[in-house]
Amino acid sequence: MRVDVPVEELTRDDGLFLVGTPRGVLRARNVVLASGSLNCPKRPPASADLPATLRQLDSSAYRNAAELEQGAVLVVGSGQSGGQIAADLALAGRPVFLATSRAGRLVRHYRGSDIFNWMTLSGYLDVPRREIVLPSGKLPPRGLLGATHTISLQSLSAQGVVLLGRFMGIENDSLIFGDNLDEHMRFADESSADVKRFIDDYIRRARLNAPPAEDDPAEMIAPRLPSPPIHSIELATSGIRSVIWCTAFRGDFPY
């Protein structure tokens with residue numbers, strides 16, 4: 001076995017695969033690509049229009065707030081990574097703007113168990129890929145889920161995170177956001193309720209002795225939304241110094 005050896009090229013010769021590495025060429029009859037199909041961060045085209053004075057990084061490069069420039073942070077994308085990073089930054093005392101997206105949400109714990117335990121037992125995770133692919137051909141983003149507790153857009157706003165609609169681009173030195181924050185919040189609420197109903201049905205069919213459902217504080221807290229809604233932010237006066245892109249990944253197999 002060889003470990004920590006990157007693959008640089010993959011070709012075929014006389015019925016064999018030739019695997020090129022910095023330590024020489026390996027020959028094999030079969031090759032299994034187990035590096036994942038989502039291994040390269042993807043940013044929207046508008047990221048190229050942002051000024052060089054803004055530091056841009058992807059969710060996979062984020063470690064902690066201390067590594068960022070002083071000032072406010074714009075997090076783009078409110079799926080799992082975006083929500084967790086926004087919460088971490090707010091906990092560190094950073095001013096945070098969160099450009100939301102149409103992403104679902106999951107509670108961390110439900111009826112006495114971790115939500116993923118219930119989703120596995122109930123068969124929720126057995127849905128075939130073809131049934132969840134979006135009309136665009138893409139998979140939906142991972143729903144907002146806290147590592148140890150529930151995170152919702154509402155709870156993030158209560159922490160001081162400024163919620164915005166979808167990031168649309170930059171015009172005349174201002175960041176532009178869509179008028180869809182309410183839609184995104186409603187979609188997250190509905191998706192969480194759908195999952196819980198699925199689990200409730202399973203518990204009832206299986207006649208399991210599970211604790212009764214309880215409201216999750218992160219889902220019950222009232223949102224604190226900008227009034228009027230913010231559709232543009234002038235960069236010169238915003239204090240934003242960093243942008244973190246939580247906008248999905250794509251497969252990258254150059255070899």
Side-chain angles (χ1 to χ4, degrees), residues 1-48 50 52 54-70 73-92 94 96 98 101 103-104 106 108 114-117 119-120 124-130 132-134 137-149 151 241-255:
M1 177 183 292
R2 300 186 187 182
V3 298
D4 296 326
V5 181
V7 175
E8 298 176 333
E9 185 179 30
L10 183 63
T11 58
R12 297 198 70 170
D13 180 56
D14 196 24
L16 293 177
F17 288 102
L18 305 183
V19 185
T21 78
R23 300 184 187 178
V25 176
L26 305 176
R27 291 171 170 78
R29 294 188 181 280
N30 300 285
V31 174
V32 178
L33 301 183
S35 57
S37 61
L38 302 173
N39 55 6
C40 183
K42 183 171 61 175
R43 299 180 183 179
S47 64
L50 298 186
L54 284 179
R55 182 186 177 190
Q56 300 186 55
L57 67 158
D58 300 295
S59 58
S60 55
Y62 176 80
R63 295 296 177 268
N64 56 65
E67 292 186 352
L68 302 179
E69 285 75 0
Q70 291 298 316
V73 183
L74 170 64
V75 179
V76 182
S78 58
Q80 182 169 311
S81 296
Q84 291 187 11
I85 290 173
D88 188 64
L89 290 168
L91 191 62
R94 288 298 190 96
V96 184
L98 178 61
S101 51
L106 295 170
R108 181 72 265 183
D114 186 269
I115 191 68
F116 267 94
N117 184 46
M119 292 169 72
T120 301
Y124 187 89
L125 298 178
D126 297 335
V127 177
R129 176 188 174 97
R130 64 179 179 274
I132 59 174
V133 172
L134 300 173
K138 300 177 181 179
L139 289 172
R142 291 187 178 181
L144 178 52
L145 176 68
T148 59
H149 60 280
I151 297 176
R241 296 292 178 267
S242 304
V243 178
I244 303 178
W245 299 104
C246 305
T247 46
F249 291 77
R250 60 178 174 83
D252 184 24
F253 308 98
Y255 50 83

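For clarity, every value in this text was computed on a predicted model and none was experimentally measured.
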Legend entry - Any donor-acceptor N/O pair, Tyr124 side chain to Val127 backbone, under 3.5 Å: no
Inset, instruction - With the side chain counted from C-beta on, respond yes when Pro6 and Pro22 share a heavy-atom pair under 4.5 Å apart, and no when they do not. - result: yes
Inset, instruction - Please round to the nearest 0.5 Å and tell me the distance separating atom CD of Gln80 and atom CG of Leu145. - result: 5.0 Å
Inset, instruction - For Arg29 and Leu16, run side-chain contact (heavy atoms from CB on, under 4.5 Å): C-alpha distance rounded to whole Å, both residues' side-chain angles, the deciding distance at 0.1 Å, then the answer. - result: CA-CA 5 Å; Arg29 294 188 181 280; Leu16 293 177; 3.5 Å; yes
Legend entry - Gap separating the CZ atom of Arg55 from the OG atom of Ser242, nearest 0.5 angstrom: 6.0 Å
Legend entry - Close side-chain approach of Arg2 and Leu26, heavy atoms under 4.5 Å: yes
Inset, instruction - Please round to the nearest 0.5 Å and tell me the distance separating atom CG of Leu10 and atom OG1 of Thr21. - result: 12.0 Å
Inset, instruction - Mark yes or no for whether Asn117, through its side chain, and Thr120, through its backbone, hold a donor-acceptor pair below 3.5 Å. - result: no
Legend entry - 4.5 Å side-chain heavy-atom contact, Leu68 and Leu57: yes
Inset, instruction - Specify the closest pair of heavy atoms between Ala65 and Ala92, including all atoms of both residues, with the distance to one decimal. - result: CB-CB, 3.6 Å
Inset, instruction - Side-chain contact test, heavy atoms from C-beta onward, threshold under 4.5 Å: evaluate it for Val7 versus Val31 and give yes or no. - result: no
Inset, instruction - Examine distances only and state if a side-chain atom of Arg23 and a backbone atom of Val5 form a donor-acceptor pair shorter than 3.5 Å. - result: no
Legend entry - Reported OG-to-CD1 distance for the pair Ser60 and Ile244, which is rounded to 0.5 angstrom: 11.0 Å
Legend entry - Any Tyr62 side-chain heavy atom under 4.5 Å of Val75 side chain: no
Inset, instruction - Measure the CE-CG distance between Met119 and Leu106 for me, rounded to the nearest 0.5 Å. - result: 5.0 Å
Inset, instruction - Count the heavy atoms belonging to other residues, nucleotides or ligands that lie under 6.0 Å from CZ of Arg142, then report whether that count exceeds 12. - result: no
Legend entry - Residue pair Leu54 / Leu74, side-chain heavy-atom distance below 4.5 Å: no
Legend entry - Flag, side chain of Thr247 to backbone of Lys42, donor-acceptor distance under 3.5 Å: yes
Legend entry - Heavy-atom closest contact (Cys246 atom, Ile85 atom, distance): SG-CD1, 4.0 Å
Inset, instruction - Would you give the length of the straight line joining atom CD1 of Ile151 to atom CG of Leu144, rounded to the nearest 0.5 angstrom? - result: 6.0 Å
Legend entry - Any side-chain heavy-atom pair of Thr148 and Arg108 under 4.5 Å: no
Inset, instruction - Would you check if Trp245 and Ser47 make a side-chain contact, meaning some heavy-atom pair closer than 4.5 Å? - result: yes
